[in-house]
Amino acid sequence: MVVYAKHAIGEVVRHSLYGYRGVIIDVDAEFSLSDNWYDKMATTRPDKSQPWYQVLVNNSSIQTYVSEELLEHDGSQADIQHPLIDVIFAGRQADTYQLLEKVN
């Protein structure tokens, strides 16, 4: 089965439950961390078979791993403040950050 991700690397998103903003830095077609991590951290128990995203959290130095169902596009023009922004992205165009280098 082919899985299509709703969001893309560089897209600014908002967590629908916790309200934080962030930018996507990686996408997995389905959950790829350990069952132990899921049991401890995924308190809402989202479906593992949907896309999951690594997100740099705004105004923080942390990254999160979030299921697609809990993310929504954030149309805000406010920049994401995170120590890795300038390491991963070359800049921002509209509401999408552009990667420094293309990755497969």
query = Between Arg92 and Ala94, is there a donor-acceptor pair closer than 3.5 Å when you use the side chain of the first and the backbone of the second?
reply = yes
Verify same cluster id: Trp37, Val66 (apolar side-chain graph, 4.5 Å) = no
Where Pro51 and Val27 come nearest, the two heavy atoms and their spacing = CB-CG1, 4.5 Å
request  = Find the distance between CE (Met41) and CG (Leu33) and round it off to the nearest 0.5 Å.
outcome  = 10.0 Å
Full working for side-chain hydrogen bond (donor to acceptor under 3.5 Å, both in side chains) between Glu68 and His7 = CA-CA 8 Å; Glu68 184 169 88; His7 305 289; 5.5 Å; no
request  = Would you kindly confirm whether Tyr97 and Val57 end up in one hydrophobic cluster when ILVMFWY residues are joined by side chain heavy atoms under 4.5 Å apart?
outcome  = yes
message = Tell me whether Tyr38 shares a hydrophobic cluster with Val55, the cluster being built from Ile, Leu, Val, Met, Phe, Trp, Tyr side chains joined at under 4.5 Å.
response = no
key: Close side-chain approach of Pro46 and Phe31, heavy atoms under 4.5 Å   = no
inquiry  = If hydrophobic clusters are built by linking Ile, Leu, Val, Met, Phe, Trp and Tyr wherever their side-chain heavy atoms come under 4.5 Å apart, do Ile24 and Tyr65 end up in the same one?
reply    = no
request  = Drop me the distance from Trp52's CH2 to Asp26's CG, to the nearest 0.5 angstrom.
outcome  = 14.0 Å
task = Please examine the side chains of Phe89 and His82, heavy atoms only from C-beta on, and report whether any two atoms are closer than 4.5 Å.
result = no
inquiry  = Donor-acceptor check, side chain of Arg14 to backbone of Ser76, threshold 3.5 angstrom: yes or no?
reply    = no
inquiry  = A quick test of your reading: do over 12 heavy atoms of other residues, nucleotides or ligands sit less than 6.0 Å from CD of Gln77?
reply    = yes
ask   = Any side-chain donor paired with an acceptor under 3.5 Å for Tyr18 and Thr64?
value = no
Approximate separation, where rounding is to 0.5 Å, of Tyr53 OH and Asp28 CG = 10.0 Å
key: Heavy-atom closest pair, residues Pro83 and Ser60   = CD-O, 3.3 Å
ask   = Hey, what do you get for CD (Gln81) to CZ (Arg21), rounding to the nearest 0.5 Å?
value = 9.0 Å
inquiry  = With heavy-atom distances below 4.5 Å as the criterion, would you say the side chains of Leu56 and Ile88 are in contact?
reply    = yes
task = Output the distance between atom NZ (Lys48) and atom OG (Ser32), rounded to the nearest 0.5 Å.
result = 11.0 Å
remark   = When rounded to the nearest 0.5 Å, the distance separating NE2 of His15 from CG of Asp74 is 13.5 Å
query = Do Leu70 and Ile62 share a hydrophobic cluster (ILVMFWY, side-chain heavy atoms under 4.5 Å, transitive)?
reply = yes
request  = List the atom of Gln63, the atom of Ile25, and the distance in Å for their closest heavy-atom pair.
outcome  = OE1-CD1, 3.5 Å
message = Around atom CG of Asp86, are there more than 12 heavy atoms from other residues, nucleotides or ligands closer than 6.0 Å?
response = no
